[in-house]
Amino acid sequence: MTKVEQLDFIVSTLNSTEEISNFEFNFNDDVRKAFLLVYNQEDLKRNLEREHPHYHNKFCYLDEILMTFFKNHNINFKIANEYLNKIENVSTKNWNKIKLVKIAIEQNSIEIAEQITSEIPDGDSGASQYVAHRHFLNYYATIGDVENFKTKTKPSKLGKFPRYGIEAYKSNLLEGYAKMYGIHKAFELANEKYFENTNTFGI
């Protein structure tokens, strides 16, 4: 199979096995074939033995198989996102889009990360857009980008679960700023009103 055919097969198998029992899943031939597109026979045997004899749990998660396939084959983010959009379970699709956003940001592919984020529903819990925005917030804190950090504060909905205080992020921002521009510049920045309640210990 070509890579495209392999991707199609993994997503098709993920969708077709969504409602079957864990026992049926673990003995499904297509699931095992999908697993072997990423791992080897020894890994398969080990994972199956881990769940033997009761098979209360699935021996693998096909969305994780798909994400690992993207990584192993350096699949373009745009193409990876297209395949995530083919996942029928909305929650599974959106959680994996959030993971893809994080990976794209880590590789400095900000434009595609923004695009993928915009496609995630902006709900108040679960696999929501604000979770993806928090990856941007962390990134801009790490590189000391104050202006872009500020633009991501509101869409990150820090009052929503899991709840994190803005001051912890601001402290990381000051630390990132110090690494980029020096400790003296960071302390100058810390004197601004925006940082008046922020811990400067990490600078």
Side-chain angles (χ1 to χ4, degrees), residues 1-107 109 112-136 155-157 160-163:
M1 288 191 287
T2 65
K3 287 180 183 177
V4 168
E5 290 171 333
Q6 290 174 338
L7 284 167
D8 283 330
F9 180 74
I10 295 171
V11 173
S12 174
T13 304
L14 190 161
N15 289 331
S16 66
T17 59
E18 178 70 27
E19 301 297 330
I20 67 176
S21 70
N22 292 343
F23 185 88
E24 292 174 303
F25 180 94
N26 289 341
F27 284 92
N28 185 286
D29 286 338
D30 284 344
V31 170
R32 296 186 180 198
K33 288 176 185 176
F35 183 91
L36 290 172
L37 292 177
V38 172
Y39 300 106
N40 58 39
Q41 286 285 353
E42 281 299 313
D43 293 322
L44 176 61
K45 180 181 178 183
R46 182 168 54 253
N47 280 29
L48 288 171
E49 287 177 346
R50 183 190 64 217
E51 302 302 334
H52 183 78
H54 302 295
Y55 298 103
H56 293 310
N57 303 302
K58 294 178 178 179
F59 79 91
C60 72
Y61 292 97
L62 289 174
D63 60 317
E64 293 181 4
I65 296 293
L66 182 61
M67 295 298 291
T68 302
F69 189 95
F70 292 157
K71 179 181 177 181
N72 289 354
H73 295 279
N74 197 28
I75 301 297
N76 175 277
F77 289 120
K78 183 176 179 180
I79 294 173
N81 187 47
E82 289 174 0
Y83 276 93
L84 291 182
N85 283 332
K86 295 181 181 183
I87 297 176
E88 294 171 0
N89 183 295
V90 174
S91 180
T92 300
K93 173 175 64 180
N94 289 330
W95 275 123
N96 283 282
K97 286 168 83 74
I98 290 169
K99 291 178 185 177
L100 190 63
V101 166
K102 183 175 186 292
I103 296 168
I105 292 171
E106 289 171 349
Q107 296 187 22
S109 297
I112 187 65
E114 288 280 15
Q115 178 192 319
I116 298 167
T117 298
S118 71
E119 297 171 2
I120 302 169
D122 190 19
D124 288 330
S125 63
S128 299
Q129 191 179 109
Y130 73 84
V131 181
H133 282 297
R134 291 183 185 184
H135 290 310
F136 286 97
S156 293
K157 297 183 180 179
K160 299 295 182 183
F161 180 85
R163 186 174 295 180

Interatomic distance, [X] atom [atom1] to [Y] atom [atom2] [nearest 0.5 angstrom]:
X: I75; Y: L100; atom1: CD1; atom2: CG; answer: 11.5 Å
X: D63; Y: K93; atom1: CG; atom2: NZ; answer: 13.5 Å
X: N72; Y: K3; atom1: CG; atom2: NZ; answer: 10.0 Å
X: C60; Y: I65; atom1: SG; atom2: CD1; answer: 4.5 Å
X: L48; Y: F35; atom1: CG; atom2: CZ; answer: 7.5 Å
X: S21; Y: K58; atom1: OG; atom2: NZ; answer: 9.0 Å

Next on the checklist: Assess, by modelled atom type and distance only, whether the side chains of N22 and E51 contain a donor and an acceptor separated by less than 3.5 Å.
Outcome noted: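 No, no side-chain donor-acceptor pair sits under 3.5 Å.
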Closest non-hydrogen atom pair between [X] and [Y], with its separation:
X: N94; Y: P121; answer: ND2-CD, 3.4 Å
X: V31; Y: F59; answer: CG1-CE2, 3.6 Å
X: A127; Y: I120; answer: O-CG2, 3.7 Å
X: V11; Y: I87; answer: CG1-N, 4.4 Å
X: G126; Y: V131; answer: O-CG2, 3.8 Å

Checklist entry - Quick one: does Y55's side chain have a donor or acceptor within less than 3.5 Å of a partner on E24's backbone? => result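 No.
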Checklist entry - Between the side chain of N15 and the main-chain N/O of K86, is any donor-acceptor distance below 3.5 Å? => result yes
Side chains of [X] and [Y]: closer than 4.5 Å at any heavy-atom pair?
X: Y39; Y: L44; result: no
X: D124; Y: K157; result: yes
X: H135; Y: T117; result: no
X: H133; Y: V101; result: no
X: T13; Y: L62; result: yes
X: L66; Y: N96; result: no
X: N57; Y: N26; result: no

Any chance [atom1] of [X] has more than 12 other-residue heavy atoms, nucleotides or ligands included, within less than 6.0 Å?
X: K99; atom1: NZ; result: yes
X: F27; atom1: CZ; result: yes
X: E19; atom1: CD; result: no
X: R163; atom1: CZ; result: no

Checklist entry - Does F9 have any ring-ring contact (aromatic ring centres under 6.0 Å, His included) partners at least two apart in sequence or in another chain, and if so, which? => result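 None.
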Checklist entry - Should the pair R32-D29 be classified as a salt bridge under the 4.0 Å nitrogen-to-oxygen rule? => result no
Item to check | NZ/NE/NH1/NH2 to OD/OE distance under 4.0 Å, R46 and E42 | outcome: no
Item to check | Qualifying ring-ring contact (aromatic ring centres under 6.0 Å, His included) pairs, either residue in residues 73-105, two or more places apart | outcome: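 Non-adjacent pairs meeting ring-ring contact (aromatic ring centres under 6.0 Å, His included): F69-H73.
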Next on the checklist: Show, in sequence, the C-alpha distance, side-chain angles and deciding distance for F70 and I103, and conclude whether the side-chain contact (heavy atoms from CB on, under 4.5 Å) test is met.
Outcome noted: CA-CA 11 Å; F70 292 157; I103 296 168; over 6 Å; no
Checklist entry - Stepwise, does the salt bridge (Lys or Arg N to Asp or Glu O under 4.0 Å) test hold for K78 with E82? => result CA-CA 6 Å; K78 183 176 179 180; E82 289 174 0; 5.1 Å; no
Checklist entry - Residues in side-chain hydrogen bond (donor to acceptor under 3.5 Å, both in side chains) with Q107, at least two apart? => result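 Applying side-chain hydrogen bond (donor to acceptor under 3.5 Å, both in side chains) to Q107 gives none.
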Item to check | From CA spacing to verdict: side-chain contact (heavy atoms from CB on, under 4.5 Å), I112, N81 | outcome: CA-CA 9 Å; I112 187 65; N81 187 47; 5.6 Å; no
